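Read the structure below first, then the notes.
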Amino acid sequence: MNLKELYQEIILDHGKNPRNLRKTDNFNKDAKGHNPLCGDKVHVYLKLDENKKVEDISFEGEGCAISMASASIMTDLVKGKDEKDVKEIVSDFLQMIKEKDEIQTNLLKEDEKTKLMCLSGVKQFPMRVKCATLSWHTLTSAIDRSQNEINTENMDL
Amino acid sequence: MNLKELYQEIILDHGKNPRNLRKTDNFNKDAKGHNPLCGDKVHVYLKLDENKKVEDISFEGEGCAISMASASIMTDLVKGKDEKDVKEIVSDFLQMIKEKDEIQTNLLKEDEKTKLMCLSGVKQFPMRVKCATLSWHTLTSAIDRSQNEINTENMDL
Amino acid sequence: MNIDNIKKEFPIFNNKVQNNDLVYLDSANSSQKPQLVVDRIYDFYTKEFSNVGRSVHYLAVAATNLYENTRVLVQQYINAKDKNEIVFTKGATEAINLVANTFGQKFLSKGDEILLTELEHHSNYVPWHYLRQSKGVNIRFAEINENGDVTIESIEKNITKKTKIIAITHLSNVTGAILPIKEIIDLAHSKNIPVLIDGCQGAPHLKLDMQELDCDFYAISCHKMYGPTGLGILYAKKKWLEELPPYQGGGGMIREVKKEGITYGDLPNKFEAGTMATAQVIAFGESIKFLNKIGIKNIEKHEKNLTMYGEEVLRKNNSVKLIGNPKNKGSVLSFTLDGVHAHDIATILDEDGVAIRAGHHCCQILHDKLGLSATARASLGVYNVKEDLDKLNESLKKCIKIFNG
Amino acid sequence: MNIDNIKKEFPIFNNKVQNNDLVYLDSANSSQKPQLVVDRIYDFYTKEFSNVGRSVHYLAVAATNLYENTRVLVQQYINAKDKNEIVFTKGATEAINLVANTFGQKFLSKGDEILLTELEHHSNYVPWHYLRQSKGVNIRFAEINENGDVTIESIEKNITKKTKIIAITHLSNVTGAILPIKEIIDLAHSKNIPVLIDGCQGAPHLKLDMQELDCDFYAISCHKMYGPTGLGILYAKKKWLEELPPYQGGGGMIREVKKEGITYGDLPNKFEAGTMATAQVIAFGESIKFLNKIGIKNIEKHEKNLTMYGEEVLRKNNSVKLIGNPKNKGSVLSFTLDGVHAHDIATILDEDGVAIRAGHHCCQILHDKLGLSATARASLGVYNVKEDLDKLNESLKKCIKIFNG
Ligand SMILES: Cc1ncc(COP(=O)(O)O)c(C=O)c1O
Ligand SMILES: Cc1ncc(COP(=O)(O)O)c(C=O)c1O
């Protein structure tokens with residue numbers, strides 16, 4: 001295993017200074033994600049315009065360098081994209097983390113792909129994969145669910 | 001271990017032809033005993049006269065040769081004895097089965113002691129000790145409890 | 001692995017028991033363990049030990065993978081649709097309690113009926129009995145026929161509009177009857193009634209296919225399946241695990257915990273509260289591999305032959321009365337012996353190294369019905385051979401001699 | 001046995017973990033196992049295996065005696081009055097669920113209060129939470145002070161006329177606070193309130209005396225006490241075990257079973273339904289003997305010294321912030337590191353073979369209170385030495401280097 005590959009400069013930078021760590025005004029989609037084992041939490045806010053394009057995306061949360069960097073890079077990359085394209089990017093990223101060796105989608109530029117590939121170091125750290133994917137799964141559920149469903153806190157009492 | 005010591009002639013005889021295997025008419029004390037692990041059951045009936053002497057004692061039940069023989073021998077030996085003496089005999093028998101080498105009480109004649117000692121073979125068969133002692137414990141609870149309490153079946157429904 | 005030579009995989013048979021070769025005929029109670037399973041426990045504790053799921057260090061990650069790997073092995077072995085339909089419990093008893101408790105909480109109310117059979121083990125009766133007290137439900141017992149069998153007709157007769165769940169054994173641990181569970185499940189489902197199968201005696205001996213069987217719940221006892229003690233499995237359809245409330249509460253089964261309330265984790269974590277039986281689960285993976293190597297079809301055939309041989313031998317002995325004569329019979333031979341009580345039989349057999357069980361085998365309802373307070377039971381496993389049954393018969397003759405002269 | 005040289009009794013330390021010597025600082029999660037304990041499991045399965053309590057053959061009798069012998073060893077170790085006050089469970093989590101469920105059934109109703117503390121592990125909260133839903137009871141949490149301690153005053157303040165039971169940890173698995181449980185029990189009893197102690201972290205490290213302590217219930221997790229996984233213990237005063245209804249239903253816990261009703265067995269069988277974790281119970285006897293050989297007083301001293309040394313080392317590191325500064329502290333060192341999240345610490349330490357835990361350690365209420373989503377935790381066992389803490393500190397410096405340059 002290789003700590004240097006996990007904690008690359010760009011990860012440490014995004015981890016310490018996450019981009020889009022705030023709450024979007026007038027968001028119209030959002031979802032919360034938890035990692036019950038370690039307590040990591042993330043809340044993703046989306047504002048889609050009438051053409052279903054991501055006008056703004058942001059997140060709030062607390063977590064390790066990997067999860068913060070992942071959310072930070074994710075929000076940077078999907079901004080301005082179509083909802084459909086966002087879904088393709090998410091699924092491509094998740095595949096890369098799970099099995100594939102690279103990012104394949106044409107929706108991202110080369111330097112964007114390089115940025116994403118910085119997260120591939122977690123593959124050697126199976127317990128940390130969830131840290132890298134939490135915000136991405138949360139983005140998916142934000143897109144898939146309607147506003148109402150998400151605000152229903154599923155608290156058992 | 002020694003099967004011959006366990007299944008002595010006298011045990012086999014009492015096991016096959018248990019004495020006092022019936023229900024005493026007009027009994028005034030009784031108790032039921034169970035061995036939940038193996039399903040052995042015994043019901044001991046006592047008729048004490050006004051001087052607390054055992055006028056009649058009998059039992060109903062089903063069980064292995066050891067438990068039937070033990071109940072049979074027990075009922076034979078305590079008939080005609082005082083309640084107080086019965087208790088002494090029971091406790092002496094239980095001690096013999098558990099730790100002592102012989103029957104010590106003076107309340108029994110030599111041939112009666114010999115009969116009881118035939119049951120000492122179970123000492124080498126720890127799982128069978130309960131078979132030998134079940135009816136004796138049941139006799140104790142028959143003596144200790146009042147008629148009313150015993151007829152209250154402690155069924156959980 | 002050749003089943004005719006399988007005894008050598010079980011180290012216990014290398015040792016003398018009281019100067020005798022062990023003739024182990026108590027597998028329905030608990031099976032012996034193959035060397036591989038014991039070695040796995042040993043290696044795990046001495047080289048790889050860590051708790052699972054909770055820490056991110058190397059040993060914890062490795063242990064978690066091993067643990068989850070057994071879940072997949074079990075899923076494949078019983079052909080469940082999803083690995084998250086496999087819940088580890090402390091035993092089959094806990095598995096049944098889990099269902100009775102949570103199903104009862106959510107779906108049962110006064111006057112509802114639960115349908116069991118007269119063959120049920122106490123573990124598949126007492127948990128339902130609790131619901132009589134807490135919910136006021138009623139329990140019906142489908143009757144056995146003269147062969148110690150429960151037929152589909154007997155089940156059908158006892159289904160009413162109020163029947164909310166059917167809980168039945170796959171294979172009776174006394175009469176050996178293999179119930180027509182597929183037919184029973186189909187019938188029940190046609191009336192929208194879920195079915196729990198107590199698979200304690202089915203799982204070690206019969207081919208299992210949850211998707212084909214389509215049962216709602218299936219309970220397994222790992223120690224009867226060449227696995228470690230202290231472990232059981234509940235198979236449950238995903239929809240049930242999602243709908244049922246959690247059973248025990250504790251670490252590992254939560255999503256978020258606040259002073260005011262709690263949300264629960266995903267399947268199967270929701271039902272695996274607290275530190276689980278890590279070493280046992282990991283070792284049970286070897287039990288499954290062992291069964292796979294022999295092949296369940298070979299096991300079925302081997303045990304069928306032995307059972308038939310055993311019946312033949314015992315039938316020739318006029319003092320022996322076999323209990324039950326079901327249409328489909330598993331490898332359980334229960335019997336009584338004229339003039340000799342079951343406990344006396346067990347003690348005398350034990351002197352020859354022949355280990356059987358005597359008593360009601362946790363089936364008092366059945367024994368009451370049969371009018372017997374106790375029976376003797378010889379039950380078989382993969383390691384048994386014909387000679388074991390010959391020795392059983394020899395020792396039974398000795399009992400007769402002692403008792404009847 | 002000399003405690004300074006005890007590592008050699010634990011085979012795991014003979015192996016390299018990813019080319020490193022293992023520095024195991026995760027004992028509060030689960031402890032490593034001494035050779036003797038693993039050997040006992042091995043020998044039992046390979047030479048002596050049988051189920052307990054049910055059969056009368058030789059192996060069954062021997063196994064039953066071994067099993068019951070551990071009960072006596074535990075009784076003596078914790079100085080319980082009666083061996084039947086020792087109930088074996090699948091874990092401490094089950095032990096607490098058993099009490100919450102049965103006590104709740106019998107004694108709690110709407111509006112009653114249960115008093116916990118903010119230090120509780122989810123295993124000592126979720127089972128009580130269930131009673132909010134089923135019974136409408138309320139839960140109060142005695143607050144911690146700025147040292148991460150719960151004082152007797154904080155408990156007293158939260159006792160009301162409606163308090164029906166107090167359930168508190170002996171030793172916090174996060175702040176290490178050792179609660180004044182004797183005082184709390186005395187106070188509670190003066191108001192006729194029973195007390196359950198979650199002894200998961202107390203039992204492996206502190207001298208226990210149930211008769212002196214006089215608590216009503218004490219829950220133990222055997223895998224944290226140098227014993228096998230899948231085993232826990234509930235100590236309960238006899239009067240409670242007699243009064244409480246049974247928990248799980250199944251084989252072995254009954255007296256008589258009829259179609260109409262069921263009577264339950266004597267203590268402790270009433271609470272040990274189904275086939276128990278036989279091998280684990282028998283092997284746990286060796287864990288107790290192991291602890292007896294070292295002597296709990298020596299363990300307390302050894303761990304106290306190590307804890308003080310660890311605190312000293314970590315305090316010198318300016319980036320480290322220790323969590324909690326309780327009056328009496330057990331061998332748990334939780335901390336945060338400036339600018340480095342707990343999970344990143346754990347991963348980096350793991351590269352050096354240093355195994356710690358990161359997260360909320362099943363104590364979300366406490367972490368919420370502390371305003372932290374996760375902490376790092378180094379926890380000690382008998383086998384740790386000062387060098388382990390030095391290595392911890394070295395690796396922490398590496399974290400700082402990676403993150404803060
Ligand atoms: C304080 C405390 N209570 C309860 C538990 C639960 O114990 P187990 O997981 O062994 O059931 C633990 C350990 O996880 C603990 O540290
Ligand atoms: C048919 C049947 N059901 C349930 C059980 C209970 O299984 P366990 O004791 O492993 O929980 C057994 C075995 O004892 C059994 O034979």
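Quick note on labels: first sequence line is chain A, next is B, and so on, each numbered from 1. Small disclaimer: the values here were computed from a predicted structure and weren't measured.
- Looking at every heavy atom in both residues, D:Cys362 comes nearest to C:Gly252 through SG-N, 4.4 Å.
- Within the 4.5 Å cutoff, no side-chain heavy atoms of D:Tyr58 are placed close to those of C:Leu22.
- Atom CD1 of D:Ile12 is separated from atom CD of C:Glu48 by 8.0 Å, given to the nearest 0.5 angstrom.
- The two residues D:Glu94 and C:Lys90 make their nearest non-hydrogen contact at OE1-NZ, 2.6 Å.
- Between the side chain of C:Ser123 and the backbone N or O of D:Gly274 there is no donor-acceptor pair closer than 3.5 Å.
- A distance of 7.5 Å separates CG of D:Asp368 from CD of C:Glu256, quoted to the nearest 0.5 Å.
- Taking OG1 of D:Thr93 as the start and CE of C:Met276 as the end, the distance is 10.0 Å to the nearest 0.5 Å.
- A pairwise comparison of heavy atoms in D:Asp350 and C:Val56 identifies OD2-O, 4.2 Å as the closest pair.
- Interface summary for chain C: among D:Phe44, D:Tyr24, D:Tyr42, D:Phe10, the most heavy-atom pairs under 4.5 angstrom belong to D:Tyr42.
- Contact detail for C:Phe49 and D:Ser31: the closest heavy-atom pair is CE2-O, 3.1 Å.
- No other option in D:Gly250, D:Ser50, D:Pro127, D:Ser221 has as many heavy-atom pairs under 4.5 Å with chain C as D:Gly250.
- Heavy-atom pairs under 4.5 Å with chain D peak, among C:Gln105, C:Gln32, C:Arg377, C:Lys224, at C:Gln32.
- Residue contact with chain D, scored on non-hydrogen atoms closer than 4.5 Å, involves the backbone and the side chain of C:Pro228 alike.
- For C:Ile139, no part lies near chain D; criterion is any non-hydrogen pair under 4.5 Å.
- Minimum interatomic distance between D:Tyr125 and C:Glu260 (heavy atoms only, all atoms of both residues): OH-N, 4.2 Å.
- Put simply, OG1 on D:Thr229 and CD1 on C:Ile41 are 8.5 Å apart, with the number rounded to the nearest 0.5 Å.
- When heavy atoms are compared at a cutoff of 4.5 Å, C:Gln35 approaches chain D solely by way of its side chain, counted from C-beta outward.
- Neither the backbone nor the side chain of C:Leu349 comes within less than 4.5 Å of any heavy atom of chain D.
- Per-residue counts of heavy-atom pairs under 4.5 Å with chain D were compared for C:Gly230, C:Gly249, C:Pro245; the largest is that of C:Gly249.
- In this structure, the side chain of C:Tyr45 does not engage the main chain of D:Pro11 through any donor-acceptor pair within 3.5 Å.
- Heavy atoms only, all atoms of each residue included: C:Tyr247 and D:Asn97 are closest at O-OD1, 4.4 Å.
- Taking NE2 of C:His122 as the reference point, atom CD1 of D:Ile262 lies at 7.5 Å (rounded to 0.5 Å).
- Atom NZ of C:Lys33 sits about 12.5 Å away from atom OG1 of D:Thr46, to the nearest 0.5 Å.
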